[in-house]
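Some notes on the structure that comes next.
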Amino acid sequence: EIRAGKLVQMHGKLGNVEAARAVYDGVVDPDVILGNIMITAYAQNGCLVEAAELYHRMMAKDVVSGTALLAGYAQAGDIEQAKLVFDSLPQRNVVTWNIATVAYARNGYLDEATASFDRMPCRTMVSWNAMLHAFSEAQKLGDAKSVFDLMPERCQVSWSTMIEAYAREGHLVEAREAFARMPEFDIVASTAMLDGLGQNGCLAEAKAMFDQMEDRDIVPWNNLLAALAANGEIEDTRKLFEKVPCRNVVTCTAMCQALGESGRLEEAKQVFDGMMDRNILSMNAMLSGYAQNGEAEQAVKMFAQLRGRN
RNA sequence: AGCUGCGUACAGGCACA
């Protein structure tokens with residue numbers, strides 16, 4: 001039964017709801033946890049009707065069942081339904097409250113998010129981090145700082161969120177200071193710092209930060225690439241692009257965009273054609289490349305393709 | 001009772017903005 005759970009979960013994560021359901025249906029007497037995994041699989045893929053139906057049909061439910069359903073509506077941005085579900089739940093725990101708080105914040109209801117946070121019976125580190133991030137996103141630096149200072153304890157997520165909040169408002173002094181005060185190294189915090197430096201024109205410092213990083217994943221590469229491109233250093237951008245160990249859509253889209261903006265349409269096209277998986281954003285980059293270089297016809301074609309995807 | 005663990009739900013960095 002544990003293996004069935006893993007399977008259902010895996011199919012759900014890959015977006016294959018039918019396969020998940022098939023495995024679930026093959027289990028004779030599914031227990032609560034398996035049912036919860038199935039609800040999650042539905043919820044994460046936007047199958048909210050099915051998720052709700054399963055929830056209501058399940059004989060044995062626990063607090064996770066309802067919370068998983070709530071998470072589905074929250075993720076879909078359906079605040080109304082999410083609120084209805086939240087109010088109807090027989091039990092709520094701190095995760096339930098966290099999801100409600102984040103759901104409000106993500107959909108622009110910052111006051112409701114704050115109210116939810118304030119009304120929570122108890123808070124975990126996740127609750128505090130979520131609130132911190134909510135203020136950061138809403139560009140309420142002062143509130144973010146208050147949350148950060150009031151938190152009973154801070155983890156790496158807290159620090160990187162705070163650094164990002166500073167950097168996004170251009171408060172590099174504070175960002176650097178927070179970064180220096182962090183107890184241990186963290187890849188995400190370093191990357192946030194690097195990006196902040198790059199976005200605010202401190203190219204040399206961003207480079208230095210990049211060189212200092214020991215375990216870089218793709219994101220710092222992409223950030224440095226963006227910083228170079230924003231500085232108009234198209235040659236260096238191109239050189240760096242060649243060196244990126246395993247490029248992803250973001251890398252290629254940024255490169256394509258930069259090449260288009262600098263009038264190198266042929267190269268932009270090459271990068272675009274070499275991309276493994278294109279999405280709306282990469283197509284949009286190519287489209288604006290055509291548009292900016294007077295290729296109206298190609299631009300229109302790309303636009304048609306882009307619409308075909310929706 | 002206490003401690004420890006678990007197959008399930010929640011928070012941080014990149015391209016368009």
Side-chain angles (χ1 to χ4, degrees), chain A residues 1-10 12 30-41 43-44 51 61-72 74-75 89 92-103 105-106 120 123-134 136-137 151 154-165 167-168 186-196 198-199 213 216-227 229-230 244 247-258 271 275 278-288 306:
Chain A
E1 191 146 80
I2 291 179
R3 293 209 326 178
K6 277 289 177 206
L7 251 182
V8 174
Q9 186 179 34
M10 197 194 78
D31 65 5
V32 204
I33 297 189
L34 190 56
N36 293 345
I37 296 174
M38 192 62 230
I39 292 182
T40 302
Q44 287 174 347
K61 320 181 225 270
D62 60 12
V63 62
V64 177
S65 323
T67 304
L69 181 62
L70 172 68
Q75 199 201 309
L89 291 180
R92 305 168 189 102
N93 64 13
V94 62
V95 177
T96 322
W97 281 93
N98 288 342
I99 291 171
T101 307
V102 169
R106 287 231 167 105
M120 289 177 67
R123 300 178 188 97
T124 59
M125 175 87 79
V126 173
S127 326
W128 288 94
N129 287 338
M131 208 56 234
L132 175 57
H133 187 242
S136 167
E137 283 275 288
M151 295 175 72
R154 289 155 204 95
C155 68
Q156 299 195 319
V157 174
S158 330
W159 285 97
S160 37
T161 307
M162 195 63 236
I163 290 166
E164 198 216 342
R168 111 160 68 226
D186 181 61
I187 175 81
V188 176
S190 311
T191 308
M193 191 67 233
L194 160 57
D195 192 41
Q199 301 255 4
M213 297 175 61
R216 324 175 175 107
D217 58 20
I218 184 68
V219 182
W221 286 95
N222 292 343
N223 285 329
L224 187 58
L225 193 88
V244 179
R247 304 168 193 156
N248 64 9
V249 210
V250 179
T251 326
C252 298
T253 304
M255 190 69 244
C256 179
Q257 180 85 30
V271 171
M275 287 179 67
R278 301 174 192 139
N279 60 20
I280 310 232
L281 292 182
S282 43
M283 293 172 77
N284 191 49
M286 192 65 248
L287 165 63
S288 71
L306 218 154

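Labels below follow one simple rule: chain letters A, B, ... track the order of the sequence lines, proteins then strands, and each chain is numbered from 1. Keep in mind that this is a model prediction, so the values were computed, not measured.
Side chains of A:Ser127 and A:Thr124: a donor on one and an acceptor on the other come within 3.5 Å.
Between the CZ atom of A:Arg3 and the C1' atom of B:G7 there is a distance of 12 Å, given to the nearest Å. If you measure from atom CG of A:Leu306 to atom C1' of B:C16, you get 11 Å, rounded to the nearest angstrom. Here the C1' atom of nucleotide B:C14 and the CG atom of A:Leu225 are 10 Å apart, to the nearest Å. The CE-P distance, from A:Met162 to B:G12, rounds to 16 Å in whole Å. The CE-C1' distance, from A:Met131 to B:C10, rounds to 14 Å in whole Å. Taking atom CG of residue A:Leu224 and atom C1' of nucleotide B:C14, one finds them 12 Å apart after rounding to whole Å. For the pair A:Arg92 CZ and B:A9 P, the computed distance is 21 Å after rounding to whole Å. In this structure, CG of A:Asn129 is placed 11 Å from P of B:G13, rounded to the nearest angstrom.
Set against B:A15, B:A11, B:G7, the side chain of A:Val250 has B:A15 as its closest nucleotide. The side chain of A:Val219 sits closest to B:C14 out of B:C14, B:U8, B:A11. Considering only the side chain of A:Ile33, B:U8 comes nearest among B:G12, B:A9, B:U8. The side chain of A:Gln9 sits closest to B:A9 out of B:A11, B:A9, B:G13. The nucleotide whose nearest atom lies closest to any side-chain atom of A:Leu34 is, among B:C16, B:A11, B:G7, B:G7. Of the candidates B:G13, B:A11, B:G7, B:G13 carries the atom nearest the A:Asp217 side chain, counting heavy atoms from C-beta on. Comparing atom distances between the A:Val249 side chain and each of B:A15, B:A11, B:A9 picks out B:A15 as nearest.
Note on A:Arg106 versus A:Glu137: no salt bridge recorded, every NZ/NE/NH1/NH2 to OD/OE distance being 4.0 Å or above.
Donor-acceptor pairing under 3.5 Å, judged by distance alone, is present between the side chain of A:Asn222 and the base of B:C14. Contact annotation: side chain of A:Asn98 to base of B:C10, donor-acceptor pair present below 3.5 Å. At a cut-off of 3.5 angstrom, counting only N and O atoms as typed in the model, there is no donor on one side facing an acceptor on the other between the side-chain of A:Asp62 and the base of B:A9. At a cut-off of 3.5 angstrom, counting only N and O atoms as typed in the model, there is no donor on one side facing an acceptor on the other between the side-chain of A:Asn223 and the base of B:G13. One can find a donor-acceptor pair under 3.5 Å joining the base of B:G7 and the side-chain atoms of A:Asp31. Looking at A:Asn248, its side chain has no donor and acceptor atom pair within 3.5 Å of the base of B:A15. Put simply, the side chain of A:Ser160 and the base of B:G12 share a donor and an acceptor less than 3.5 Å apart.
Across all strands, A:Ala71 comes closer than 4.0 Å only to sugar-phosphate atoms, never to a base (heavy-atom distances). Counting any heavy atom pair closer than 4.0 Å across all strands shown, A:Arg123 reaches no nucleic acid atom. Residue-level contact check: A:Gln156 touches the bases, meaning some heavy atom is under 4.0 Å from a base atom. Among the heavy atoms of the strands lying under 4.0 Å from A:Thr161 are primed sugar atoms or P, OP1, OP2 only; no base atom is included. At a threshold of 4.0 angstrom between heavy atoms, the contacts of A:Leu281 include nucleobase atoms, whether or not backbone atoms are also involved.
A distance-only check finds no donor-acceptor pair linking the side chain of A:Ser136 to the backbone of A:Leu132 [under 3.5 Å]. When atom types are taken as modelled, the side chain of A:Asn98 and the backbone of A:Thr101 share no donor-acceptor pair closer than 3.5 angstrom.
Side-chain atoms of A:Arg247 and A:Met275, non-hydrogen and from C-beta on, never get closer than 4.5 Å to each other. At least one side-chain heavy atom of A:Asn129 sits less than 4.5 Å from a side-chain heavy atom of A:Met151. Side-chain contact check for A:Val157 versus A:His133: every heavy-atom pair is 4.5 Å or farther apart.
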